[in-house]
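Single-structure report; data block below.
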Amino acid sequence: QVRLVESGGGLVQPGGSLGLSCAASGRSFSSYGMGWFRRSPGKEREFVASINRSGGVTYYADSVKGRFTISRDNEKNTVYVQMNGLKPEDTAVYYCAMQIRSGSNRSPYNYAFWGQGTQVTVSS
């Protein structure tokens, strides 16, 4: 069984920055791509960013491109997302997940072992 635990959320003013972490245990972390998703009240779960097994290939949602950076440390079994230039519309619960199926890395269907999520609130 895989366990993913997110941390680093909080309240930040517009234009501010936050860094989220997702620590993994229970399976060979370096064998799987990882993704970050988010869900705002009343909205569907939304793809944010993904990273391949080695960390050399990343993808971003258009809404966060240029502001967010996903990375991973396979020695520490951890994936990160650094969020800069935060906007009120970035307010959501952020989740990490492990990509266990081939196919689109933007589809939550291809992910499993979701963490419990961490709340990010962008407000003045």
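Only a predicted model underlies this, so the values are computations on that prediction, with no experimental measurement involved. All values below come from the heavy atoms of this structure, side chains included, with hydrogens, waters and symmetry mates left out.
Using a 4.5 Å cut-off between side-chain heavy atoms of Ile, Leu, Val, Met, Phe, Trp and Tyr, F37 falls into a hydrophobic cluster with F47, V57, Y59, V93, Y95, Y111, W114. Under a 4.5 Å side-chain heavy-atom cut-off, the cluster of Ile, Leu, Val, Met, Phe, Trp and Tyr residues that includes V5 has no other member.
Between Y60 and I70, the closest side-chain pair of non-hydrogen atoms falls below 4.5 Å. Within the 4.5 Å cutoff, no side-chain heavy atoms of E75 are placed close to those of S30. Using a 4.5 Å heavy-atom threshold, the side chains of R3 and S25 count as touching. The shortest side-chain heavy-atom distance between Q82 and S71 does not fall under the 4.5 Å cut-off. Between M34 and L4 there is a side-chain heavy-atom pair separated by less than 4.5 Å. Residues M83 and R67 have side chains not in contact (no heavy-atom distance under 4.5 Å, counting atoms from C-beta outward). I51 places none of its side-chain heavy atoms less than 4.5 Å from the side chain of W36. Using a 4.5 Å heavy-atom threshold, the side chains of E46 and V64 count as separate.
Both tests pass for R101 against the ring of Y109: distance under 6.0 Å to the centre and angle within 45° of the axis. Cation-pi geometry between R72 and F29 is met: the NZ or CZ atom falls under 6.0 Å from the ring centre, inside 45° of the normal.
In this structure R45 satisfies the salt bridge (Lys or Arg N to Asp or Glu O under 4.0 Å) test with no other residue, sequence neighbours excluded. By the side-chain contact (heavy atoms from CB on, under 4.5 Å) test, V122 is found to be paired with V12, P14, L86, P88, D90, T91, V120, residues two or more places apart in sequence or in another chain being considered. The side-chain hydrogen bond (donor to acceptor under 3.5 Å, both in side chains) search around D73 returns none, not counting sequence neighbours. By the side-chain contact (heavy atoms from CB on, under 4.5 Å) test, S7 pairs with S21, sequence neighbours left out.
Note: the hydrophobic cluster containing Y80 does not contain L18 (ILVMFWY, side chain heavy atoms under 4.5 Å, direct or indirect links). Placement of F68 and L11 in two distinct hydrophobic clusters is found when ILVMFWY residues are connected by side-chain heavy-atom separations under 4.5 Å, directly or transitively.
In this structure, CZ on R38 lies 8.0 Å from CD on E89, to the nearest 0.5 angstrom. The OG atom of S31 sits 13.5 Å away from atom CD1 of I100, with the distance rounded to the nearest 0.5 Å. Taking CD from Q99 and CZ from R106, the interatomic distance works out to 11.5 Å, rounded to the nearest 0.5 Å.
Heavy atoms only, all atoms of each residue included: V2 and F113 are closest at CB-CG, 3.5 Å. Residue L20 comes nearest to G9 through the heavy atom pair CD2-N, 3.5 Å, listed as atom of the first residue, atom of the second, then distance.
S63 contributes no side-chain N or O that, together with a main-chain N or O of A61, makes up a donor-acceptor pair within less than 3.5 Å. In this structure, E6 contributes its side chain and C96 its backbone to a donor-acceptor pair below 3.5 Å.
No side-chain donor-acceptor contact under 3.5 Å links S107 and S104.
Within a 6.0 Å radius of CD in Q116, more than 12 heavy atoms belonging to other residues, nucleotides or ligands are found.
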